[in-house]
A.B. asks: 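Here it is, the structure, as structure tokens.
Side chains are part of it too, since the values below use all heavy atoms of this structure and drop only hydrogens, waters and symmetry mates. Along the sequence shown, the residues carry numbers beginning at 1.
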Amino acid sequence: MKVSNLTNCDDEPIHIPGHIQSHGFLIALSKDFVIRYVSENIGQFLPVSQKDVLGRAIKDFTDIVLDPGTTLNFESILAVLANQQQGYANNVFQQKIGDKRFNIVLNQSDELYLLDFEPAESDLRLDLQQVVGRSLSEMLADKDLDNLLRNAAEQVKKIIGYNRVMIYKFHEDGHGEVVAEAKDDDRDDWIGLHYPASDIPQQARELYKTNLVRLIADVNDIPSPLLAAQRTGDTPLNLTNSVLRAVSPLHIQYLKNMGVASSFSVSIIDQNELWGLIACHNYTPRFINFQQRESAKLVGQVLSSAISFREQDEYQQSIAKHRRAIESITRYLLRNVPVQEAVLNEESSLKDVVDSSGAVFYFENYIHAKGNVPDSEFVESLIKFLDIRTSESGYYTTTKLAHEFPEAKIYKDIASGVMACRLGKELSEYLIWFRPEIVQTVRWAGNPEKQVDVDRTGFSHISPRNSFEEWRQKVQMTSALWKKDELDAAFSLRDEVNYAISRKATELRVNNERLRQAYAELDTFSYTISHDLKNPLSTVKSYAQLIMRETLSFDKTRMLAQKVEAAANKMQFMIDEVLQYSKAGKSAVQLKQINMKNLMEEIKADLIVSATNEELVIDLMDLPDIAGDELMVMQVFTNLLGNGVKYSALAAEPRVTVSGVEDDTEVTYEVSDNGVGIAPAEHEAVFELFTRANSSKGFEGTGVGLAIVKRIIQRHNGRIWLKSEPGRGSSFFVSFPKRTGSA
Ligand code: ADP
């Protein structure tokens, strides 16, 4: 057998058939009102032949007298055509021709005007206006969708009087189902019957979106061919907008096989897509006129908007429900809890983001599950399957897992449907939802698998179906469908989770860095404490032993005790400083505007009193106020000025100068002295805990002061740096931002 060609029906150019249904006739005019096409059967309606009219101006026929006193009056028609160059559709004129009234339906087809002439009389007579008004209000009376559809079918049946009116809905895979029906009592019940997608070819569906109604008045009609004026050559006439358009012979055969004599259908459109059809069958030929078709169309339009409204409403409600679940998870994600706890929180979890019976969050190689899910061994192997299936798009959905992943067969009650969303490209981490099997018996109108015929040349193709015998198919290992908004919800959750993970990763890195610094500090800390406290401690110990061992004079004992006290004081001082350092890192920064003049004067007074060099001068220059924690700022300047005084004490005229400048963003203070200075290589190190510069030899000190200063400045989001050279004094700079905050 050769390659299967299942698109036979799809290939047929139904836009441009060369025929019309013969219950009416057609004239096509070019923009200059010359007759370019005419249907062959014109002679059956007008006392002219096609040869008489083709290529001639329509005006020439304005006065064709058909009946005494009745004139075929094209004047008004031409006026409409001339005034409304484009954009009109289905303008209709009534005209008596012979003893029959006709509807002339005006349409445009590419560059031509189409005039469809069809009988005004219908096979069914009723007061349409009254019926339609009542129909619409009856139809909309019920809010329930099933009832709405049934009402619509009933109303259309009243308007057109066909034997059977069905509401036919297209499923996602293109096949159709009869979801409501109104029929004569002696007809079988077709509700719930499914029809294969191939029954209505793709290009027919496209046409149904623009052309909302179609009538096939009699399947046994012999279509009338169209004839063209010679000058238009072979250009086929586009009959898309013609109400008389003949349909494909394949479709006619299909209807005949079904036993249908007349067929009429109205499109149901939901948001520009073909939702379904109002499909009507009559088992004897029945023509319905333009007005009836328009009335049925109106019912279709009202039904379309009712369905659209309902579907939109349902969609919005479903989106809102998913959003709520995602928001609840997001709230947890923002708290300081592990990601998996947030995703599977008690309030509203992963499982609720999408309607599912169970869900798995596969994260850091762990299965975190909620609801009804397969055992972990299966989930692990499913993950491997997902790694392959999601590699391109990042997601995977199926309603038939066992078809693609046979191991899933035994889990059909839990996992016939799977939707998975991968967190990132590199890692095998997923959000997975499960749905159970829904066993369904689908009633097909004919076996959909036996649609393929093999013709004499060996090609297989779809022929018009000849069997509509009911065929039941038990659908197994299939779950409910995953909808578009559910996939969207999955993506939103994935983004939230990814965001939380990356935020946590950053936090973790920052914390690690802090920890690393703290450890390094702790090392120096313990080393120095043990080293620096060892000296005074051994002093205390040895003097105490001396006092105990020997009989000493009171004075000697007192002298030794004084040494013990001095050593103890040194230890005390050291311990106090270390405590201060630790405090500078921990206590809360309480910002306020600080009067720097007062603060500096206070520090200066203390330093002058205790100065060892009487020549000491402390110059206070411009002292702009800053925003800071008063106690901490006091500590900063006590240390900086104290160091200035200490390390310049040996100068002949020691001088410490303090001045501040301010700009838009910060206030910067400089504390400079003319002391021993610091070698550039040590500028960074002096801010570290217990670190002293070489030039500090001979000066008392612990190496803690500047570490405290640096910490305080950091907690004020400020900066600290220095300029200095050995023997040339030092300048320390500290700047405080104008709007400081605690670090
Ligand atoms: P210390 O208790 O040793 O003074 P600091 O932490 O206050 O400890 O200072 C660290 C080191 O920085 C000092 O040991 C000293 O070497 C150097 N230093 C600080 N201020 C000055 C200054 N004004 N002039 C020279 N050296 C200084």
A.B. asks: Would you please say whether a donor-acceptor pair under 3.5 Å links the side chains of Asp387 and Ser428?
C.D. replies: yes
A.B. asks: Please list, chain by chain and in numerical order, all residues satisfying side chain to side chain donor-acceptor pair (under 3.5 Å) with His171, sequence neighbours excluded.
C.D. replies: Glu177
A.B. asks: Among all residues two or more places apart in sequence or in another chain, which pass the side-chain contact (heavy atoms from CB on, under 4.5 Å) test with His403?
C.D. replies: Lys400
A.B. asks: Going by the rule side-chain contact (heavy atoms from CB on, under 4.5 Å), which residues pair with Gln476 if we only count those two or more places apart in sequence or in a different chain?
C.D. replies: Glu437, Val439, Lys474
A.B. asks: side-chain contact (heavy atoms from CB on, under 4.5 Å) with Lys209: which residues, sequence neighbours excluded?
C.D. replies: Glu206, Ile269, Glu273, Leu274
A.B. asks: For Arg214, which residues count as a side chain to side chain donor-acceptor pair (under 3.5 Å) partner, sequence neighbours excluded?
C.D. replies: Ser265, Ser267
A.B. asks: Scan residues 478-500 for pairs that pass salt bridge (Lys or Arg N to Asp or Glu O under 4.0 Å), counting only residues two or more places apart or in two chains.
C.D. replies: Arg435-Glu486, Lys484-Asp488
A.B. asks: In chain order, what residues pass the side chain to side chain donor-acceptor pair (under 3.5 Å) check against Asp270, with sequence neighbours excluded?
C.D. replies: Ser308
A.B. asks: What residue pairs, at least two apart or across chains, pass ring pair (Phe, Tyr, Trp, His ring centres under 6.0 Å) with a residue in residues 405-434?
C.D. replies: Phe378-Phe405, Phe378-Tyr411, Phe385-Phe405
A.B. asks: What residues form a side-chain contact (heavy atoms from CB on, under 4.5 Å) with Leu481, not counting sequence neighbours?
C.D. replies: Glu172, Thr399
A.B. asks: Glu181 pairs by salt bridge (charged side-chain N to carboxylate O under 4.0 Å, His left out) with which of Arg150, Arg164, Lys169?
C.D. replies: Arg164
A.B. asks: Mind jotting down which residue pairs meet the ring pair (Phe, Tyr, Trp, His ring centres under 6.0 Å) criterion with at least one end in residues 477-515? Sequence neighbours excluded, please.
C.D. replies: Tyr395-Phe491
A.B. asks: Can you list the residues that meet the side chain to side chain donor-acceptor pair (under 3.5 Å) rule with Gln312, with sequence neighbours excluded?
C.D. replies: Gln271
A.B. asks: Filter on salt bridge (Lys or Arg N to Asp or Glu O under 4.0 Å), then keep only pairs touching residues 324-339, sequence neighbours left out; what's left?
C.D. replies: Arg323-Glu327, Arg331-Glu347
